[in-house]
Amino acid sequence: MLLQKSVFQTSSILRKCTSYSLTALMLGTGCRAPIDRFSAWRDTKDIAYYQNFAHQIEYPDVASCNAPESTAIPIPFSIKNPSEVPAWDLSLQEAVNTALHSSDVLRSIGGSIVQTQLGTSTTLDPGLAESNPINGVEAALSAFDAQVSTELFWQKNNRPQNRLPSLSFIFPASLEQTTGNYINSITKTTATGTKFTLNSNVVYDRNNNPGLQFNSSFVGFLEAGMRQPLMQGYGTTYNRIAGPNSPVGQYNGVLIARINLDISLADFERGVVTLVDDVETAYWELYFAYRTLDAQVTGRENSLQTWQRIHELQKVGARGGEADAEAQARSQYYLFESLVNDALASTNGLFATEQRLRYLMGVTANDGRLIKPTDQPLQAEIQVDWYRAVADATSQRVEIRKQKWTIKRRELELLASRLNRRARLDAVTLYRWRGLGDHLIDARDPNNQFSSLAQNITEGNFQEWQAGLEWNYNVGLRQASSAMRNAQLSLVRECSVLKEMELRISHDLSNSQRQIARSYAQVQTNYNRVEADQQQVEVLRNRYERGLININFLLLAQQSLATSTSSYHRALTDYMLALRDFHREKGSLLNYNQVQLAEAGYTDGAYSSAYQRGRDYTPRDPGTTVSVQPGPISQGSFSPEMVGQEGATYVTPESASEQFSPE
């Protein structure tokens with residue numbers, strides 16, 4: 001801003017000072033610091049032409065409406081008796097259904113959309129991938145659309161000529177010319193790489209040159225041409241993978257775009273799996289929070305009864321009412337009171353856990369009710385078919401299917417790169433009809449063939465044609481060979497990643513199977529532990545009331561009962577979460593929670609158009625023709641019930657290098 005201010009000052013000097021005074025000023029300043037000698041000439045109140053800051057924080061003007069579930073919420077619960085709050089009885093299936101229908105955003109309990117907006121999955125992601133104007137399927141198909149262009153220009157020329165004045169009676173001293181140019185062009189690229197062109201060109205010319213038959217004339221032509229690649233860029237295989245006229249190493253064809261869409265669908269499905277996984281986790285954690293609170297409340301009530309009894313004995317001075325016993329009972333009561341408060345309002349307490357489930361379900365943080373799980377954990381032992389589960393995990397997991405789509409894309413890229421290791425040889429043909437006319441369109445004159453440009457062209461008296469070959473060869477094919485080697489390495493890498501993913505999944509599945517057995521054993525152990533602690537409390541209470549033991553034994557037994565009860569319900573929760581983890585690792589979590597993914601149907605017009613186009617693009621059997629053809633892109637629609645398909649093929653790094661070797 002100082003530079004801008006100096007510029008205004010200098011311009012003011014140049015306007016108001018003579019050259020002599022300006023020179024004197026420059027000589028007089030020397031090396032001294034610049035002094036604002038003209039501040040009195042300016043109105044210091046008028047400084048609107050600059051500001052003393054570069055930018056300021058502003059609020060965007062965006063039409064938005066705050067959702068009521070984000071703003072219209074009552075005060076959250078803190079330390080409050082849950083029995084005094086109306087209950088919202090909710091099953092796990094209802095919680096999952098609400099979470100899937102509440103928003104376009106696939107929420108995650110471990111992430112925050114406030115800080116990571118770009119990495120958040122939504123239900124719109126597959127549609128965004130399909131409608132991508134650069135890499136989408138329709139964008140790839142647009143390369144085969146007909147391109148129409150039209151140009152219309154008028155121009156006036158007035159140019160002096162380099163001629164002798166003595167010849168001015170023959171040749172004008174200047175060229176005066178009015179021209180117009182009207183150009184139409186239609187180009188169409190086919191799936192085989194053939195490019196058809198149809199051009200028309202009309203030029204209007206009116207000038208003062210001598211010796212012209214017409215004062216003004218129309219000259220034009222109508223031509224049709226074709227360019228057919230014979231080597232590099234030829235064939236439907238290459239053009240569907242790389243796209244027409246794609247540079248070496250770039251693959252933006254229809255098949256690649258379709259695979260990218262399938263990968264986007266796999267990412268979307270993985271987001272749904274994560275959401276369902278988090279909802280089930282929050283649901284069972286809320287169940288455990290209720291049971292933990294019950295255990296602590298029970299312990300508090302037992303401690304209160306013990307304290308009250310000792311206090312009454314202390315009042316009458318009876319045995320068992322000693323001051324130390326009363327203090328110990330009172331201390332344990334307040335210990336359980338503290339545990340109850342933590343079970344209610346800590347970060348892992350009932351209210352916080354219930355709010356996490358509410359967020360995943362997309363409902364308000366508080367609506368005056370308290371969600372209460374109605375589903376109970378399973379207490380029966382679940383036996384799983386291990387070998388069937390391993391086969392499911394290596395075929396149903398969405399991550400496996402996504403990686404196989406990536407391998408299929410690398411296979412197609414390698415195929416296209418092999419087809420690129422050829423010289424460019426194009427067959428070029430052109431046929432043109434030329435014409436000349438005094439008028440653009442006029443009635444037919446049998447005595448003057450040049451009376452109309454349209455008549456002269458359609459009569460076909462002036463025809464031209466051209467046919468030939470264009471050869472372009474990059475000696476050594478260095479770039480194409482490098483692209484093919486890169487495609488080979490990429491394919492081998494993706495196959496290696498798939499192999500490693502299958503190994504990792506097998507380990508994770510083994511661990512989840514182990515956790516099922518461990519958690520069920522813990523359920524049995526802690527159940528027996530609860531029974532033993534209950535019996536111990538009853539026996540010790542009777543002994544204490546008869547004055548046979550110290551109060552410490554009873555208080556420790558009550559603490560042990562509360563701990564074992566909480567551990568039992570923790571084991572039940574872990575058992576349900578272990579079953580959930582097993583289904584997630586096996587790839588059947590959505591089926592386990594009765595969730596199915598489907599897309600809404602198209603309009604009737606879309607189905608009719610697809611039927612008409614399908615008749616023209618029905619694949620034909622190539623027969624015995626020897627050609628390089630890619631394998632099937634897909635085995636059909638995926639169904640979770642399709643486990644261990646017999647027709648499925650598995651590509652290993654070794655077979656990939658053999659199948660797609662340069663030789």
Within 6.0 angstrom of R518 CZ, more than 12 heavy atoms from elsewhere: yes
pair [X]-[Y]: side-chain heavy atoms closer than 4.5 Å:
X: L509; Y: S512; answer: yes
X: R421; Y: S481; answer: yes
X: L414; Y: M484; answer: yes
X: N181; Y: E151; answer: no
X: E399; Y: R270; answer: yes
X: T237; Y: L415; answer: yes
X: L92; Y: E280; answer: yes
X: V254; Y: F144; answer: yes

Are the side chain of [X] and the backbone N or O of [Y] linked by a donor-acceptor pair below 3.5 Å?
X: R107; Y: Y359; result: yes
X: N239; Y: G235; result: yes
X: D125; Y: T122; result: yes
X: N97; Y: Q93; result: no
X: N472; Y: A423; result: no
X: Q155; Y: T179; result: no
X: T190; Y: T194; result: yes
X: T394; Y: V390; result: yes

If you take all heavy atoms of [X] and [Y], which pair is closest and at what distance?
X: S102; Y: G362; value: OG-CA, 3.6 Å
X: N245; Y: R424; value: OD1-NH2, 3.9 Å
X: Y283; Y: A95; value: CD1-CB, 4.3 Å
X: S490; Y: R410; value: CB-CD, 3.9 Å
X: N135; Y: N132; value: N-OD1, 3.1 Å
X: E285; Y: T353; value: C-CG2, 3.7 Å

Are [X] and [Y] linked by a side-chain donor-acceptor pair shorter than 3.5 Å?
X: Y387; Y: D385; answer: no
X: H507; Y: N511; answer: no
X: Q463; Y: Y431; answer: yes

Could you tell me the separation between the [atom1] atom of [X] and the [atom2] atom of [Y], rounded to the nearest 0.5 Å?
X: I134; Y: S142; atom1: CD1; atom2: OG; result: 11.0 Å
X: T98; Y: R358; atom1: OG1; atom2: CZ; result: 11.0 Å
X: N184; Y: N201; atom1: CG; atom2: CG; result: 9.0 Å
X: D262; Y: D267; atom1: CG; atom2: CG; result: 11.0 Å
X: R422; Y: Y234; atom1: CZ; atom2: OH; result: 9.5 Å
X: R401; Y: T406; atom1: CZ; atom2: OG1; result: 12.5 Å

Steps toward side-chain contact (heavy atoms from CB on, under 4.5 Å) verdict (T274, D277): CA-CA 5 Å; T274 301; D277 183 89; 5.5 Å; no
Verdict with supporting geometry, R409 and E494, salt bridge (Lys or Arg N to Asp or Glu O under 4.0 Å): CA-CA 10 Å; R409 181 174 61 185; E494 300 302 340; over 6 Å; no
Parallel, tilted or perpendicular, as decided by the 30° and 60° cut-offs, for the rings of H583 and Y592: parallel
Worked verdict on L357 versus V279 for side-chain contact (heavy atoms from CB on, under 4.5 Å): CA-CA 6 Å; L357 179 58; V279 169; 4.3 Å; yes
Test salt bridge (Lys or Arg N to Asp or Glu O under 4.0 Å) applied to E223 and R434, step by step: CA-CA 8 Å; E223 65 179 15; R434 285 193 176 273; over 6 Å; no
Intermediate values then yes/no, side-chain contact (heavy atoms from CB on, under 4.5 Å), N199 and L222: CA-CA 6 Å; N199 301 321; L222 178 65; over 6 Å; no
Stepwise side-chain contact (heavy atoms from CB on, under 4.5 Å) test for Y251 and S417: CA-CA 9 Å; Y251 313 99; S417 67; 3.5 Å; yes
Basic-acidic side-chain contact under 4.0 Å: K499, E502: no
